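Take a look at the structure below.
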Amino acid sequence: MTLPSGQMKALRNLSRKRSGEDVDWINISDARALTDLGLAERGRAGWMITDMGVDLVQRLDQARD
């Protein structure tokens, strides 16, 4: 799966957020697009990455190595 750069940045920020890191601002339109793809969801604590999103980030990172 190929994502536009803004969505990829948002997905990586959400991945870091899940790990407990502080993250930059996340563009709402990018986060909504990720939600439509099943890669993120909106919860009480804000935008969160889904397991499917984590899997995609891991696969993309492995492909870069």
Side-chain angles (χ1 to χ4, degrees):
M1 174 183 287
T2 303
L3 297 174
S5 62
Q7 291 175 17
M8 195 66 228
K9 180 180 177 184
L11 189 63
R12 289 192 184 282
N13 278 343
L14 292 175
S15 179
R16 286 192 295 278
K17 179 180 177 182
R18 185 176 188 166
S19 298
E21 296 179 39
D22 291 331
V23 297
D24 291 334
W25 180 77
I26 296 171
N27 181 288
I28 293 172
S29 64
D30 290 330
R32 284 184 180 162
L34 294 174
T35 299
D36 291 342
L37 295 170
L39 301 173
E41 60 189 10
R42 176 85 168 134
R44 291 176 45 158
W47 297 101
M48 305 298 291
I49 193 168
T50 62
D51 291 339
M52 191 168 126
V54 170
D55 182 60
L56 178 60
V57 170
Q58 289 173 347
R59 286 187 287 129
L60 291 172
D61 287 348
Q62 288 173 353
R64 283 191 339 193
D65 294 338

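Computed from a prediction, not measured in an experiment: that's the story for all the values here. Residue indices begin at 1 and follow the sequence shown.
- Pairs engaging residues 37-48 under the salt bridge (charged side-chain N to carboxylate O under 4.0 Å, His left out) rule: none recorded [sequence neighbours left out].
- Sorted by first and then second residue, the side-chain hydrogen bond (donor to acceptor under 3.5 Å, both in side chains) pairs with a member in residues 6-15 read Arg12-Asp61, Asn13-Arg16; sequence neighbours excluded.
- A single hydrophobic cluster is not seen to contain both Met48 and Val57; linkage of ILVMFWY side chains at heavy-atom distances under 4.5 Å, directly or through other members, places them apart.
- The shortest distance between side-chain heavy atoms of Leu3 and Leu60 does not fall below 4.5 Å.
- Residues satisfying the side chain to side chain donor-acceptor pair (under 3.5 Å) test with Ser19, not counting sequence neighbours, are none.
- Heavy-atom minimum distance, Ala31 versus Ala40: O-CB, 4.4 Å.
- Scored by the salt bridge (Lys or Arg N to Asp or Glu O under 4.0 Å) test, Asp55 finds Arg59 as partners (sequence neighbours excluded).
- In plain terms, the two heavy atoms of Ala10 and Leu34 that are nearest each other are CB-CD1, 3.9 Å.
- Contacts classified as salt bridge (charged side-chain N to carboxylate O under 4.0 Å, His left out) and involving residues 20-37 (residues at least two apart or in different chains) are not found.
- The minimum heavy-atom distance between Thr35 and Trp47, with the atom names listed, is OG1-CZ3, 3.1 Å.
- With sequence neighbours excluded, the residues that form a salt bridge (Lys or Arg N to Asp or Glu O under 4.0 Å) with Asp51 are Arg18.
- Put simply, the side chain of Ile49 reaches to within 4.5 Å of the side chain of Leu11, judged on heavy atoms.
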